[in-house]
Amino acid sequence: MRYWLMKSEPDEFSIQDLQERKNQTEGWDGVRNYQARNFMRDDMSEGDLAFFYHSNTKVPGVAGIMRISRAGYPDDTAFDPKDAHYDPKSDPAKPRWYRVDVTFERELERLVSLAEIKDHADELEDFPLVRKGNRLSVMPVDKKHWDFILGMENNPPE
DNA sequence: GCCAACGTTGGC
DNA sequence: GCCAACGTTGGC
């Protein structure tokens, strides 16, 4: 069982939106980055847990937890010319892009902000999120980092 | 809105 | 295969 972090802009799709979806489940589609795709296609398993990270918003940070409820399968939004993430080079016979299904687990009791995470650079030294220039939208999280961030949830800064 | 960092594209 | 140009991400 592995741990992950997945980014979404809350104006587009937030942890609250996921909670309100049917069965509290949604396909994590629209990812058009090969490294992120490889994680979803090759490394994610049903039952893995992921942080839901709110990006490109006033206070970016970890907002909640979700569960991978279906392992990687083809992202058919790539085949739809009307879809914002349409990719004419993705052939249905040999799909280029993959998604997983995620299911709402819980909202964090408070948002653990990126700024706060950066304040703990010592403990989170190798955390990919805070490595300079990292724009990956799907990334693995070590268990030690997972546990540390959950610890921060219950220890708000003054 | 700015812009650094990074990925992708395409000419050569 | 190189690399300049361009597009995107995402914090600030």
Side-chain angles (χ1 to χ4, degrees), chain A residues 2-19 21 26-44 48-66 68 72-102 104-105 107-142 144-146 148-153 155-158:
Chain A
R2 303 184 65 176
Y3 298 92
W4 303 93
L5 179 144
M6 300 167 85
K7 299 179 184 174
S8 176
E9 304 191 9
D11 290 348
E12 302 288 326
F13 185 65
S14 71
I15 181 78
Q16 292 83 11
D17 292 331
L18 177 60
Q19 184 173 16
R21 283 293 196 275
E26 184 63 282
W28 200 270
D29 56 30
V31 171
R32 298 292 180 264
N33 170 281
Y34 288 105
Q35 210 179 337
R37 179 211 57 189
N38 292 346
F39 286 135
M40 292 200 293
R41 188 189 60 186
D42 305 332
D43 298 325
M44 278 189 184
D48 286 358
L49 293 176
F51 284 136
F52 195 125
Y53 178 86
H54 283 177
S55 69
N56 201 18
T57 186
K58 197 165 181 186
V59 184
V62 176
I65 296 174
M66 54 197 174
I68 308 304
Y73 64 105
D75 179 357
D76 62 16
T77 65
F79 310 138
D80 178 2
K82 291 190 289 295
D83 192 275
H85 302 287
Y86 174 59
D87 180 359
K89 292 183 209 147
S90 186
D91 175 0
K94 199 172 179 299
R96 174 178 296 202
W97 303 114
Y98 281 71
R99 64 180 149 187
V100 296
D101 284 352
V102 297
F104 178 84
E105 198 72 22
E107 229 181 300
L108 295 197
E109 288 171 37
R110 65 186 195 88
L111 183 99
V112 175
S113 73
L114 177 63
E116 212 182 312
I117 287 169
K118 285 181 169 171
D119 283 343
H120 292 276
D122 289 344
E123 297 91 333
L124 296 171
E125 193 183 358
D126 306 320
F127 194 42
L129 183 71
V130 293
R131 272 210 289 266
K132 190 174 178 182
N134 197 318
R135 304 181 320 180
L136 257 189
S137 65
V138 175
M139 64 182 74
V141 176
D142 290 349
K144 64 181 178 188
H145 295 148
W146 179 273
F148 186 80
I149 287 170
L150 287 182
M152 292 173 71
E153 179 188 15
N155 288 287
E158 288 92 64

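Hydrogens, waters and symmetry mates play no part in the numbers below; they use all other heavy atoms, side chains included. Below, read A as the first sequence line, B as the second, and so on, with proteins coming before strands; counting in each chain starts at 1.
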In R135(A), K7(A), E12(A), the residue satisfying side chain to side chain contact (heavy atoms under 4.5 Å, CB included) with S55(A) is K7(A)

Ranking R135(A) and Y34(A) by the position along DNA chain B of their nearest nucleotide, the one closer to 5' is R135(A)

Please list, chain by chain and in numerical order, all residues satisfying side-chain contact (heavy atoms from CB on, under 4.5 Å) with A63(A), sequence neighbours excluded.
I15(A), H54(A), L111(A)

Those residues of residues 52-61 of chain A lying under 4.0 Å from DNA chain C by at least one heavy atom
Y53(A), S55(A), N56(A), P60(A)

Cut-off 3.5 Å, side chains only: do S90(A) and R32(A) have a donor facing an acceptor?
no

With sequence neighbours excluded, what pairs up with R96(A) under the side chain to side chain donor-acceptor pair (under 3.5 Å) test?
Y34(A)

Which residues satisfy the side chain to side chain donor-acceptor pair (under 3.5 Å) test with E123(A), sequence neighbours excluded?
none

Boundaries of the chain A footprint along DNA chain B (any atom under 4.0 Å from a heavy atom)
dA5(B) to dT9(B)

List the atom of M66(A), the atom of F52(A), and the distance in Å for their closest heavy-atom pair.
SD-CD1, 3.5 Å

Heavy-atom distance under 4.5 Å between the side chains of L129(A) and L136(A), does that happen here?
no

Residues passing the side-chain contact (heavy atoms from CB on, under 4.5 Å) test with E125(A), sequence neighbours excluded, are none

